[in-house]
**Q** 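Below is one structure. I have some questions about it.
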Amino acid sequence: MLEVENLCFSAKNKQTGKTSDIIKDLNLTVDDERFIVITGPNGSGKSTLAKLIMGVEKPTSGKIVFNGEDITDMGIAERAKLGVGYGFQQPARFKGMKVRRLLQIAAGTDLPNSECNTYLTKVGLCSADYLNREVDKSLSGGEVKRIEIASILARNPKLAIYDEPEAGIDLWSFEKLTDTFREINDARDGRSIIIISHQERIINLADEIILLEDGTVTDHGTRDEMLPKLGFMGRMAADNVNCSMKVPEFYIEEEA
């Protein structure tokens, strides 16, 4: 279980020198075996919240508790050892490191080719084409994104956080990803998933949807409760649409 209590985060604008409140007295609970989607307008603090949970950023105040242990002051490595995994919106590249080695490091053990192939297939990549490639600038942003997700799958964390996993990914691979997330959720084996997204196909997988606006939770509820509020169709209807990529109304209004 993840518990976020009265979390606040402030940051200074490098250009103006002014300090802004990004996360404001935020409270959140994620039970075991839950699929949570966090959505909301651009600039609402979604990525910042994910980074705070993983330890990439340190909160100004508040507390983060994971499985009964206060992890507020722990670093990224310590949280990873406890079973927290994180997929960046813009993953890092590792010149000189091959995909096979990255998967092995994530898993903490040597992996046979068959197992590597399984993880790469789940994110829409052919093992024969990628295992011996370096995770460097020769890969596209979408390829690096999928390889990072494969490494998280190899690590098999108790809580996996994905920041817009659909970004830069083609529609076929996006379908593979949603199938993988659905399999994890359906397994009900103790793992929980938090996904930051505004894509309908992913939101329709959620047990619970959380709406984040202006740095705080403004609404939350089950999929059936939240979909009408966000202007989405239901899960059964969405399953009859080929990879729907609908965007919530508040995103359309903001972009207009």
Side-chain angles (χ1 to χ4, degrees), residues 1-4 7 23 26-50 53 66 84-87 89 122-124 149 152-153 157-167 169 171 173-255:
M1 175 187 287
L2 174 73
E3 298 169 279
V4 176
L7 200 67
I23 299 296
L26 188 147
N27 291 279
L28 173 68
T29 299
V30 177
D31 292 324
D32 295 337
E33 299 183 346
R34 299 293 287 172
F35 191 130
I36 308 294
V37 171
I38 299 176
T39 192
N42 294 331
S44 58
K46 303 183 299 296
S47 293
T48 299
L49 174 59
I53 295 172
F66 183 61
V84 182
Y86 178 54
Q89 189 176 102
K122 285 181 179 294
V123 297
I149 295 172
I152 296 172
L153 295 175
K158 297 176 183 176
L159 172 65
I161 306 164
Y162 299 95
D163 192 350
E164 295 194 15
E166 71 278 3
I169 295 179
L171 293 181
S173 298
F174 182 75
E175 279 284 350
K176 296 290 290 184
L177 280 178
T178 55
D179 288 343
T180 296
F181 292 143
R182 183 183 288 110
E183 287 174 8
I184 294 173
N185 188 41
D186 290 345
R188 300 294 176 180
D189 56 2
R191 292 176 291 175
S192 292
I193 304 173
I194 297 176
I195 297 184
I196 295 171
S197 181
H198 53 78
Q199 299 296 350
E200 183 179 19
R201 181 66 72 169
I202 289 180
I203 290 177
N204 265 286
L205 298 174
D207 295 315
E208 183 178 352
I209 299 169
I210 295 170
L211 179 60
L212 200 65
E213 294 182 278
D214 196 26
T216 193
V217 175
T218 57
D219 204 352
H220 68 92
T222 65
R223 179 178 58 244
D224 291 340
E225 291 170 339
M226 292 296 294
L227 286 177
K229 297 180 182 180
L230 297 174
F232 284 133
M233 67 181 74
R235 181 173 183 176
M236 291 181 66
D239 285 341
N240 293 322
V241 178
N242 290 328
C243 199
S244 172
M245 301 286 279
K246 184 179 177 183
V247 178
E249 292 176 357
F250 53 73
Y251 280 90
I252 297 172
E253 293 171 357
E254 181 177 278
E255 291 173 358

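These numbers come from a predicted model, not from an experiment.
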**Q** Nearest 0.5 Å, please: how far is CG in Leu212 from CG in Asp219?
**A**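 Going from CG on Asp219 over to CG on Leu212, the span is 11.5 Å.
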**Q** According to side-chain hydrogen bond (donor to acceptor under 3.5 Å, both in side chains), who are the partners of Thr180, at least two apart in sequence or on a separate chain?
**A** none
**Q** Say you draw a straight line from NZ of Lys158 to CE of Met1; how long is it, rounded to the nearest 0.5 Å?
**A** 13.5 Å
**Q** Would the distance check show the side chain of Ser192 and the main-chain N or O of Asp31 forming a donor-acceptor pair, the cut-off being under 3.5 Å?
**A**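 Yes.
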**Q** With rounding to the nearest 0.5 Å, note down the distance linking CD1 in Ile195 to OG1 in Thr39.
**A**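 Between Ile195 CD1 and Thr39 OG1, I get 11.5 Å after rounding to 0.5 Å.
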**Q** Within the side chain of Glu33, is there an N or O that forms a donor-acceptor pair under 3.5 Å with the backbone of Gly190?
**A** yes
**Q** Using the side-chain hydrogen bond (donor to acceptor under 3.5 Å, both in side chains) criterion, which residues pair with Arg34? Sequence neighbours excluded.
**A** none
**Q** Which pair of non-hydrogen atoms, one from Glu225 and one from Gly221, has the smallest distance, and what is that distance?
**A** OE1-CA, 3.3 Å
**Q** What distance separates Thr218 OG1 from Ile210 CD1, expressed to the nearest 0.5 Å?
**A**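 Spacing of OG1 (Thr218) from CD1 (Ile210) equals 10.5 Å.
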**Q** side-chain contact (heavy atoms from CB on, under 4.5 Å) between Phe66 and Ile53: does it pass, once the steps are laid out?
**A** CA-CA 9 Å; Phe66 183 61; Ile53 295 172; over 6 Å; no
**Q** Taking 4.0 angstrom as the limit, do Glu183 and Lys122 come out as a salt bridge?
**A**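 The answer is yes: the pair qualifies as a salt bridge.
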**Q** Give the intermediate values and the outcome of side-chain contact (heavy atoms from CB on, under 4.5 Å) for residues Val217 and Asn27.
**A** CA-CA 7 Å; Val217 175; Asn27 291 279; over 6 Å; no
**Q** Using 30° and 60° as the class limits, which term best fits the ring planes of Tyr162 and Phe181: parallel, tilted or perpendicular?
**A**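 Answer is tilted, since the angle falls between 30° and 60°.
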**Q** How long is the gap from CD1 on Ile209 to CD1 on Ile202, to the nearest 0.5 Å?
**A**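 Result: 12.0 Å between the selected atoms.
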**Q** From Leu177 CG over to Gln199 CD, what is the distance, rounded to the nearest 0.5 angstrom?
**A** 12.0 Å
**Q** Can you tell whether the side chains of Asp179 and Lys176 come within less than 4.0 Å, N to carboxylate O?
**A** no
**Q** Please check this pair: side chain of Ser197 against backbone of Glu164, looking for a donor-acceptor N/O pair closer than 3.5 Å.
**A**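 It does not hold such a pair.
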**Q** I'd like to know whether CG of Asp214 has more than 12 heavy-atom contacts from other residues, nucleotides or ligands below 6.0 angstrom.
**A** no
**Q** Asp207 and side-chain contact (heavy atoms from CB on, under 4.5 Å): which partner among Val30, Thr222, Asn185, Val37?
**A**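 One option only clears the test, and that one is Asn185.
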**Q** Evaluate the criterion side-chain contact (heavy atoms from CB on, under 4.5 Å) for residue pair Leu28 and Leu7; output intermediate values, then yes/no.
**A** CA-CA 9 Å; Leu28 173 68; Leu7 200 67; over 6 Å; no
**Q** Indicate yes or no for a side-chain donor-acceptor contact from Lys46 to the backbone of Pro41 under 3.5 Å, with no hydrogens or angles considered.
**A** yes
